[in-house]
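Please read the structure below before turning to the comments.
Each chain gets a letter, A, B and so on, in the order the sequences are listed, and its residues count up from 1.
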Amino acid sequence: MDAIIKLAYLVSAILFIFGMKRLQSPATARGGNQLAAIGMLVAVVATLVSKSILTPAQMLAGLVIGGAIGAYMARKVQMTGMPEMVAAFNGFGGIASAVVAGAEIAKLIQNTGTASGEEFYLYTAVTIALSVLIGMVTFTGSFVAFGKLSGKISGNPMHFPGMRLLTILLAVVSIGGLVWMTMGATNYPFEAYTTQALTIEFTEPMIYGAIAVGIAAFILGILLVIPIGGADMPVVVSLLNSYSGLAAAATGFVLNNTSLIVSGALVGASGLILTKIMCDAMNRSLLNVLIGGFGGDSQIESTGLSLEGKSISETSPEDTAILLSYAEKVIFVPGYGMAVAQAQHAVRELGEELQKRGVTVKYAVHPVAGRMPGHMNVLLAEANVPYDELFEMDEINGEFDTCDVSVIIGANDVVNPAARHDKASPIYGMPILNVDHSKTTIVLKRSMRPGYAGIENELFYNSNNRMLFGDAKDSITKVVNEVKAL
Amino acid sequence: MLLDNIIVFTLASLIGFEVISKVPQTLHTPLMSGSNAISGITIVGALIVAGMVGGAWATYLGIGALIFATINVVGGFLVTDRMLQMFKKRD
């Protein structure tokens, strides 16, 4: 029986791996996701069958309640609300891991004073502590990220005096709690605490230690995310994704369960890769992002570049329509502003109108455009833009030289040429889309307010740049009507 | 046991790095929400502890964990499916 369950876990792990492998192409991705879902089903069924776990009513109740809430959230969410939805689901995964570890402790307490034959290892205490720690940080961190992404709390970096000190203090408390939890198991590290009876000397440190770790981690998760600004959210979301995997893996170590360890490791790896890609795309270290303070309204820095004497030129939807219609090649550059204005459908319509007139239309997507990895791609896919018209930065950067008009919709820092040459600029060295190489650039923007990095964009002052002020959706719709009327 | 677990963890991480580093930028959001659903594998852990003989608290906590993890799994896979459905080639 035990062998069958282990084999079932193996099958589910294989399904996860192949499922993720199929995500390497949009053509096979949907099947891949379904494969992974089947893998999950196999793991759950195998677990239910094993160990006479079933008290059917309770199990069913849990699965039905959770499933109904999950399904409702998944159906209801708007595509523009996807970043916060991912963050919320992440949080649920984190809290689940922490609570499983808590239940493990409850079981140990229950067995105090009895010779239950439970084997207890020093490393059980360590892994329970880690499971609580990572799970809790993931939980509160994810929900703070959820609040920031959904606009329920300010996206600006938040600081208060002594915050860094408090963060360090809480980290120390977490580690202290972990050590405390191991105190009951004073025997040789990896040997079983061969329990005739679990004693109170042993269970007490476990309980209080776990409570200390849990509370410290709860606050720590909040403090780790509030100082991080809106523009850095793609990094945070990826990192939390990685944590939720590590939390599951830690729980797997607690329960000696291979399927948890394998899946947790896969997710942990996936989150770390995304985190690295996001950091590279901003030319910043992970530490630099985590310390935070980047972005928000408060810090408009001088770029060391004199913009005085330069002026911007404004354009109208009519002129834009003419310019676009007679172009040979147009590249759209979407940013977070497109998501806010929900302009993706209008953009697609404009793209199609231009294509009808023989214009080559492409979309250039910067890795950190938006609030999570791949944010723009999802929105444009929602608006029915075929994915083969979407290009990554490295693929398309050479093409701006032959591009007649680049239309920048609500993107700012990722097209700021200062990143290439202005050593004083905070975004210096960040890889950008070379829109300034095209013959003309049109920037759609609400106002002259700087982007999330809080710095001026010299692109706006270039002589071949035109500003089209207003709500992106309104502006694009007007341009579409003008193009149709031509 | 610990050593076995570490071996499994390390190998799985390596496979993860290998497979996932080839996922294109276009699919990064579905990758995230899909892998996030997989991290809801804690559901298995929740089922195990909820079913273990040992007191009301272990059971309550287990059921709580089960609900949270199921939200993560069901919601995660469904939302990923919804997203992936939208990715189309030009016809």
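Both the backbone and the side chain of Met20(A) come within contact range of chain B, with heavy atoms under 4.5 Å apart. In this structure, the portions of Ile6(B) lying under 4.5 Å from any heavy atom of chain A include both its backbone and its side chain. Heavy-atom distances place both the backbone and the side chain of Leu78(B) under 4.5 Å from chain A. Interface remark: Leu272(A) contributes side-chain atoms only to the contact with chain B (heavy atom separation under 4.5 Å). Interface residue Leu31(B): backbone and side-chain heavy atoms are both found under 4.5 Å from chain A. Looking at Met376(A), there are no atoms closer than 4.5 Å to chain B (heavy atoms on both sides), in backbone or side chain.
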Starting from the C-alpha separation in whole Å, work towards a yes-or-no answer on side-chain hydrogen bond (donor to acceptor under 3.5 Å, both in side chains) for Tyr243(A) and Ser142(A).
CA-CA 10 Å; Tyr243(A) 286 169; Ser142(A) 296; over 6 Å; no
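With chain A as partner, the option from Leu66(B), Ile20(B), Val79(B), Ile41(B) having the largest number of non-hydrogen pairs under 4.5 angstrom is Ile41(B). The candidate with the highest count of non-hydrogen atom pairs below 4.5 Å against chain B, out of Leu274(A), Asn384(A), Val64(A), is Leu274(A). Across Ile71(B), Val74(B), Leu61(B), the residue that shares the most heavy-atom pairs under 4.5 angstrom with chain A is Ile71(B). Your options are Gly16(B), Ser21(B), Ala37(B), Gly75(B), and the one with the most heavy-atom pairs under 4.5 Å with chain A is Gly75(B). Between chain B and the options Leu260(A), Ile105(A), Ile69(A), heavy-atom pairs under 4.5 Å are most frequent for Leu260(A).
Side chain to side chain, Glu389(A) and Gln355(A) meet the donor-acceptor criterion of an N or O pair below 3.5 Å. Using modelled atom types, one finds a donor on one side chain and an acceptor on the other under 3.5 Å when comparing Ser33(B) with Thr80(B).
Note that the OG atom of Ser244(A) and the CG atom of Asn72(B) stand 7.0 Å from one another [nearest 0.5 Å].
In this pair, Phe253(A) and Phe9(B) present their aromatic rings perpendicular. The plane angle is above 60°, beyond the 30 to 60° band.
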